[in-house]
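Structure record follows, encoded as structure tokens.
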Number of protein chains: 2
Amino acid sequence: MTKTPATRPTATRADVARHAGVSSAVVSYVVNNGPRPVAPATRERVLAAIAALGYRPNAAARALRLGSAEMIGLVIPDNRNPFINELAHAVEVAAAARGHVMVLANSDGSAAIEEAQLRNLAARQVDGLLLISVGATVDPAALASLEVPVVLLDRGSGTEGFGSVGTDLYAGAVAGVEHLLGHGHQNIGLAIGVASDGRLDGRERGFRDALAAASLPPGPVVRAAFTRDGGYRAGRQLLAGGRPTAVFASSDMQAVGMLHAFHEAGVRVPDDIAVVSFDGSPEAEFCWPPLTTLAQPVAAMAEAAVDALLGGPSAEPRHHAFDAQLVIRRSCGCA
Amino acid sequence: MTKTPATRPTATRADVARHAGVSSAVVSYVVNNGPRPVAPATRERVLAAIAALGYRPNAAARALRLGSAEMIGLVIPDNRNPFINELAHAVEVAAAARGHVMVLANSDGSAAIEEAQLRNLAARQVDGLLLISVGATVDPAALASLEVPVVLLDRGSGTEGFGSVGTDLYAGAVAGVEHLLGHGHQNIGLAIGVASDGRLDGRERGFRDALAAASLPPGPVVRAAFTRDGGYRAGRQLLAGGRPTAVFASSDMQAVGMLHAFHEAGVRVPDDIAVVSFDGSPEAEFCWPPLTTLAQPVAAMAEAAVDALLGGPSAEPRHHAFDAQLVIRRSCGCA
DNA sequence: CTGAAAGCGCTAACAC
DNA sequence: GTGTTAGCGCTTTCAG
């Protein structure tokens, strides 16, 4: 239980005031640099008292009084997903640049936990909540009931009444498939997540449309979890049936798993099967072969999200779509 | 700014009391299931009022009153390091199992940010703080001044006055090097971090001792950052000079970077160079070849840490060392 | 420029 | 079983 040695019961604002021979209001003015001016000499006395007593303001009291914790929260669905973490990191940087502290809460893939985390943070008076939701759909009413600004991240499309940010999945997929087409492939497969709501994922639509535009039928489509293991299974499935000459993987994690399956089977990438992936996470750069991938503009998205939340230039409750950028590496056959 | 539609100014406990025709104390008893009993009929009325008004307790007020936010904090040095995230995830699971919410704060490699995050969380009345520190050393006085229980994670050794947990790096390194020795290697290199304090990292000591015990001189030792890129540089350096027949990498991330360098140079693993690594992160399983690694017992460590923090069976301010387990995969030459 | 004092929403004695 | 009430530590209006 690691207790501090001989703790005097934590100095409060009143102690400081007494010690400095001023009123508690003045201490407040000094601590917050306002809202009222304080005479230099008085300020010095207060500062000295603060140091002497080791006084540290109670943030909970301040949050209660102000109705604001001066902090934003980010709820993520998986703290072990590299892409999500890239995004979380970017959000933190963007929030810091705007003078806001950010705390992270993980919903660990559970809609129930997500809800609980959101409620918990909202009850603590955070100034805003950023959400990368577990599911493809969110309940606008539940979000509204938090009575705190909420902005959705990593979304394929908008949600009525909320600001949201995401990459244009459709356009990205089209670009990826077209690149594979450019390499002369005719039989291109797809690894994609399992459809959680009715609508087709933008990446799947893009895949199909790009192929149709080239008058080609879609190759084998495999549905698997957006995890390394999901990709591994997808890879094995692709080898067992269909065996396309190229695959478009809808996430780097899946692609990494697929590479593993291909290596294991002695199938060479890109010679036997070319791969183009989606996300642009660091793993895509360091796996072998390095993945040609559609990199999501993480920093820009994070900034837009924080702006939308904090009332910056993109504060209207609309969807902000960003373009993925094709990063060419070896897995597509270019190098 | 995504506002909620027509927000009545957030119902408070008094509103609920009025609506239900009871006192505010009773509302409190209902909300908290105690500490006093409430008649079933009354409870129903209160519950109905809560639902009708959409009342949600103000956690900041509760934290102020109780002096406890009923929450623990975990401060990590890098939210993009897979191993750290494994650990963070395990801590979250362990905390949840003990009925505690956990929030995550990232210090992003900066001691100053680490300090700020700790202070911020402490001021919010968290019940305890778990810290994976940026540096090899921590300032016990600064930690004590937080006046909140603190337990250190991912430590090679103990810190006077604090509970801490970590893997026995020395023993792990010895086991790893001995395994390589068992494969007949005579020229074994080491990739390790840059020494941030005076003392040698346990892994380096283990490496040297294991070799000495076999009457072998240490192979080339390369110091690099504990990142994929650090490992990549280390790998290139190893190829340029020395070129051992095996390498012990002190983290999976470094190993992944090394593999990249080896692939690039057409050097085969394990045939040309065998690799054994440390950590046991998921990437070690999915890279190619899969890494033989000393897996840290993440779940057990997380549980010990949370217990130490919350006053469970391992609550004394001492160091808890765990043994890494050798997980055999292909990179060492076994498969 | 400084002080007194009223609450923010909640909990838990203490009364009845 | 329920009501009254005194704060938790802070900010800020209102008086000087």
Side-chain angles (χ1 to χ4, degrees), chain A residues 8-47 49-50 53-71 120 122-127 147-148, chain B residues 8-47 49-50 53-71 120 122-127 147-148:
Chain A
R8 39 191 171 351
T10 312
T12 132
R13 174 194 91 293
D15 300 326
V16 174
R18 200 171 314 119
H19 190 99
V22 300
S23 78
S24 61
V26 173
V27 178
S28 199
Y29 302 151
V30 170
V31 170
N32 306 323
N33 285 314
R36 316 243 28 164
V38 174
T42 316
R43 147 171 275 109
E44 284 314 317
R45 285 216 314 288
V46 172
L47 258 15
I50 287 175
L53 299 178
Y55 166 74
R56 262 115 26 66
N58 181 320
R62 188 175 159 90
L64 170 59
R65 174 65 223 233
L66 257 27
S68 152
E70 299 170 303
M71 182 174 81
N120 177 38
R124 310 201 112 91
Q125 315 295 98
V126 294
D127 301 314
E147 305 194 356
V148 161
Chain B
R8 42 190 168 351
T10 312
T12 132
R13 173 195 93 289
D15 300 327
V16 175
R18 199 171 316 119
H19 191 100
V22 299
S23 79
S24 61
V26 172
V27 178
S28 199
Y29 302 151
V30 170
V31 170
N32 306 322
N33 285 313
R36 316 242 25 165
V38 174
T42 317
R43 145 170 277 108
E44 284 315 316
R45 285 216 314 287
V46 172
L47 258 16
I50 287 175
L53 299 179
Y55 165 73
R56 262 116 24 65
N58 180 321
R62 189 175 158 91
L64 171 58
R65 176 64 225 233
L66 295 181
S68 151
E70 300 171 302
M71 181 173 82
N120 177 39
R124 308 200 117 91
Q125 316 295 98
V126 293
D127 301 315
E147 307 194 354
V148 161

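Order of the sequence lines fixes the chain letters, A, B, ..., with proteins taken first and strands second; residue numbering starts at 1 for each chain. Side chains are part of it too, since the values below use all heavy atoms of this structure and drop only hydrogens, waters and symmetry mates.
- There is no side-chain donor-acceptor pair under 3.5 Å between A:R62 and A:N58.
- For B:A25, whose side chain is taken as the heavy atoms from C-beta onward, the closest listed nucleotide among D:dG1, D:dC10, D:dG3 is D:dG3.
- In this structure, A:R56 CZ and B:E147 CD are separated by 5.5 Å, a value rounded to the nearest 0.5 Å.
- Rounded to whole angstrom, the span from the CZ atom of A:R56 across to the P atom of D:dC10 amounts to 11 Å.
- B:T12 has a side-chain polar atom (N or O) that falls below the 4.0 Å cut-off from OP1 or OP2 of C:dC10.
- Checking A:Y29 against B:A39, the closest nucleotide of DNA chain D that is more toward the 5' end is the one next to B:A39.
- Between D:dC10 and A:R13, a contact under 4.0 Å exists linking OP1 or OP2 to a side-chain N or O.
- The side chain of B:N32 has C:dT11 as its nearest neighbour among C:dG9, C:dT11, C:dT2.
- Among the heavy atoms of the strands lying under 4.0 Å from B:T42 are primed sugar atoms or P, OP1, OP2 only; no base atom is included.
- Using a 4.0 Å heavy-atom distance criterion, A:V22 is classed as a sugar-phosphate-only contact.
- Residue B:V27 is classed as having no contact, given no heavy-atom separation below 4.0 Å to the nucleic acid.
- Separating the CZ atom of A:R124 from the P atom of C:dC10 is a distance of 13 Å, rounded to the nearest angstrom.
- Taking atom CD of B:Q125 as the reference point, atom C1' of C:dC10 lies 14 Å away to the nearest angstrom.
- Rounded to an integer number of Å, the gap from CZ of B:R18 to C1' of C:dC10 is 15 Å.
- When distances are taken from the side chain of B:A61 to each of C:dG9, C:dT2, C:dC1, the shortest belongs to C:dG9.
- Between C:dC8 and B:N58, no contact under 4.0 Å exists linking OP1 or OP2 to a side-chain N or O.
- Rounding to whole angstrom units, CZ of residue A:R45 and P of C:dT2 are separated by 8 Å.
- Minimum atom distance to the side chain of B:R65 is reached by D:dA6, of the listed D:dG3, D:dA6, C:dA6.
- The interatomic distance linking A:L66 (CG) with D:dT13 (P) rounds to 11 Å, in whole Å.
- A:V38 comes within 4.0 angstrom of the backbone, heavy atoms only, and of no base.
- OP1 or OP2 of D:dC10 sits under 4.0 Å from a side-chain N or O of A:Y55.
- To the nearest angstrom, C1' of C:dT11 lies 13 Å from CG of A:L64.
- For the OP1/OP2 pair of D:dG1 and a distance below 4.0 Å, the side-chain nitrogens and oxygens of B:R36 include no atom meeting the criterion.
- Annotation: of the two residues near DNA chain D, B:S24 and A:P35, the 5′-most nearest-nucleotide partner is B:S24.
- Within the 4.0 Å cut-off from OP1 or OP2 of D:dT11, at least one side-chain nitrogen or oxygen of A:S28 is found.
- Taking atom CZ on A:R62 and atom C1' on C:dC10, their separation rounds to 20 Å, with Å as the unit.
- Put simply, the side chain of A:S23 reaches to within 4.5 Å of the side chain of A:V26, judged on heavy atoms.
- At distances below 3.5 Å, at least one donor-acceptor pair connects side-chain atoms of B:R45 with backbone N or O atoms of B:A20.
- Summarising the geometry, atom CZ belonging to B:R43 is positioned 9.5 Å from atom CD1 belonging to B:I50; distances are rounded to the nearest 0.5 Å.
- No side-chain heavy atom of B:V38 sits under 4.5 Å from any side-chain heavy atom of B:V46.
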